[in-house]
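Structure, as C-alpha cells:
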Amino acid sequence: MKIATFNINGIKARAEALPRWLDDAQPDVVLLQEIKSIDENFPREIFEERGYNVETHGQKSFNGVAILSKLPLEDVSRGLPGDDEDEQARWIEATVIGKQALRICGLYLPNGNPVPGLKYDYKLAWMERLYDRARDLMASEEPALMAGDYNIIPQAEDAARPDAWREDALFRPESRAAFRKILNLGFTEAFRARTQGPGHYSFWDYQAGAWNKNDGIRIDHFLLTPQAADLMQDCQIDAAIRGHEKPSDHVPVWIQLDL
DNA sequence: ATGGCACTCCCTGAGTGA
C-alpha cells in the first residue's frame with residue numbers, strides 16, 4: 001500500500017498538477033494539506049473518477065486537510081482533540097481497511113511565525129495536543145501513522161541553509177523539542193529510517209529561485225507506530241515535480257507499507 | 001551582494017505562508 005502526504009497550497013490552483021501526479025505516482029492513499037477550500041467547493045469528482053474515496057475537513061481561504069483513498073475509509077474524525085475553541089481545519093483521521101486495518105492521521109501543523117507571538121504560542125499549544133493524540137495512538141499498539149506538513153525542520157541537515165532558519169518558528173529549539181518529544185514516544189520518522197545525510201527536502205520557497213539552487217527544507221514527515229514501522233518497505237520524496245508546471249511549493253512524500 | 005512568489009476573496013490589496 002502506497003501512502004503519500006502532499007501540501008498542495010490550494011486545491012483550485014492545483015486542479016491540474018495534482019491529478020497529473022496522481023496518475024503518474026498511483027498512490028493508494030493521499031493525505032492533503034492546505035486545500036484552502038470549504039468542503040462544498042472541493043472538486044471531489046476529479047478524484048472520484050479516479051477511484052478515490054474523498055473525505056475533507058476544510059474552511060474558507062486557509063488551511064484545510066483531506067484524505068483520498070482507493071480503499072474504504074471508516075471512522076472518519078475531524079479536528080485535533082483538546083480544544084473546542086480551535087476553528088482551524090488542520091487535522092483529519094480515518095481507518096483504512098486493507099489486509100489489515102491502519103489508522104491514518106493527516107495534519108497541517110501551524111507555521112508559528114513570527115517568534116515570539118500569539119501564532120508561535122498557538123503552534124506550541126497545538127503540538128501539546130498532538131502529543132496527547134500521539135500518546136493514545138502509541139498506546140493502541142496497532143498500525144497507525146501521523147503524516148503531513150509538520151512545519152518543523154528536525155535537524156540542521158534538513159535545511160540547505162540552517163543558519164537562515166535559526167530564529168524561525170520552523171527551527172526554533174522549542175519547536176524541535178516538541179517534535180522530538182513526540183518522536184520519543186516511540187515513533188519512527190519514516191524518511192530518516194531509510195535515508196541519511198543532507199540534501200533531502202520537501203519544500204522550496206517560490207522566491208529567490210530556491211528550487212533552482214536546491215535551497216530547500218524538509219518539513220513534511222511520516223511518523224509511524226512500531227506496528228506500522230514493521231510494515232515499511234520504502235519511503236521517498238517526489239522532488240522532481242517541484243520543477244513541473246505550476247507546482248505547489250511542497251512536494252509529495254510517500255511510504256510503501258506491506259499491507 | 002541583494003532580491004527575486006504565490007495563494008485566497010463579495011475588500012485586486014492585504015493577510016498569510018515558510
Within 45° cone and under 6.0 Å: Arg176(A) NZ/CZ vs Phe171(A) ring: yes
Give Lys246(A) one of three labels, base, sugar-phosphate or nothing, depending on what nucleic acid heavy atoms sit under 4.0 Å from its own. sugar-phosphate
Whole angstroms only, please: what is the CG-C1' distance between Asp220(A) and dG17(B)? 13 Å
Separation of Lys119(A) atom NZ from dA18(B) atom C1', in whole Å? 12 Å
Going only through I, L, V, M, F, W and Y residues with side-chain contacts under 4.5 Å, is there a path from Val65(A) to Trp126(A)? no
Write down the distance separating the P atoms in dC5(B) and dC10(B), rounded off to the nearest Å. 26 Å
So Asp149(A), base contact, sugar-phosphate only, or nothing? Heavy-atom distance under 4.0 Å. sugar-phosphate
Taking OP1 and OP2 of dA18(B), is either one under 4.0 Å from a side-chain nitrogen or oxygen of Asn151(A)? yes
To the nearest Å, give me how far apart CG (Leu32(A)) and P (dC7(B)) are. 16 Å
By nearest heavy atom, map Asp205(A) and Gly10(A) onto DNA chain B; which one lands nearer the 5' end? Gly10(A)
Using whole Å, what does the distance between atom P of nucleotide dG4(B) and atom CG of Asp215(A) come to? 15 Å
Strictly below 4.0 Å, heavy-atom distances to any atom of DNA chain B: list the hits from residues 169-181 of chain A, or just say none. Leu170(A)
Comparing nearest nucleotides in DNA chain B, the 5'-proximal residue of the pair Asp168(A), Ala13(A) is Ala13(A)
Starting at atom CG of Asn63(A), determine the distance to atom P of dC9(B), rounded to an integer number of angstrom. 13 Å
Closest to the Ala208(A) side chain: dA18(B), dT8(B), dG4(B)? dG4(B)
Side-chain N or O of Lys36(A) closer than 4.0 Å to phosphate OP1/OP2 of dC9(B): no
Find out whether the Lys NZ or Arg CZ of Lys181(A) is both under 6.0 angstrom from the six-membered ring centre of Tyr131(A) and within 45° of the ring's axis. yes
Classify the ring geometry of Phe179(A) against His221(A): parallel below 30°, tilted from 30° to 60°, perpendicular beyond 60°. tilted
Is it the case that the ring center of Phe191(A) lies less than 6.0 angstrom away from the ring center of His200(A)? yes
Glu245(A) has an atom CD; how far is it from atom P of dC5(B), in whole Å? 17 Å
Nearest of dA18(B), dC7(B), dC9(B) to any side-chain atom of Arg14(A)? dC7(B)
For Tyr206(A) and Trp211(A), I'd like to know if the aromatic rings sit close, meaning centre-to-centre distance below 6.0 Å. no
Just do the side chain to side chain contact (heavy atoms under 4.5 Å, CB included) check on Ile152(A) and Ile219(A) with the steps written out, would you? CA-CA 5 Å; Ile152(A) 295 282; Ile219(A) 57 176; 5.9 Å; no
Rounding to a whole Å, what distance do you find between Gln59(A):CD and dC7(B):C1'? 14 Å
What integer number of Å spans the P atoms of dT12(B) and dA1(B)? 40 Å
Asp249(A) CG - dT8(B) C1' separation (whole Å): 14 Å
Provide the distance between the two P atoms, one in dG3(B) and one in dG15(B), to the nearest whole Å. 22 Å
Expressed as a whole number of Å, how far does the P atom of dG13(B) sit from that of dT2(B)? 31 Å
Lys213(A) (side chain) and dG3(B) (base): donor-acceptor pair under 3.5 Å: no
Do Asp149(A) and Gln33(A) have side-chain N/O donor and acceptor atoms under 3.5 Å apart? no
Distance test, side-chain N/O of Asn113(A) to OP1/OP2 of dA18(B), below 4.0 Å: no
OP1 or OP2 of dC10(B) versus the side-chain N and O atoms of Lys60(A): is any pair under 4.0 Å? yes
What nucleotide among dC7(B), dG15(B), dA18(B) has an atom nearest to a side-chain atom of Phe62(A)? dG15(B)
Distance check: side-chain N/O of Tyr150(A) vs OP1/OP2 of dA18(B), anything under 4.0 Å? no
Checking dC5(B), dT8(B), dT16(B) against the side chain of Tyr206(A) (C-beta onward), the nearest is dC5(B)
For Asn111(A), report the nucleic acid contact type (base, sugar-phosphate, nothing); a contact means any heavy atom under 4.0 Å. base
Measure from the ring center of Tyr108(A) to the ring center of Tyr150(A) and say whether it is less than 6.0 Å. no
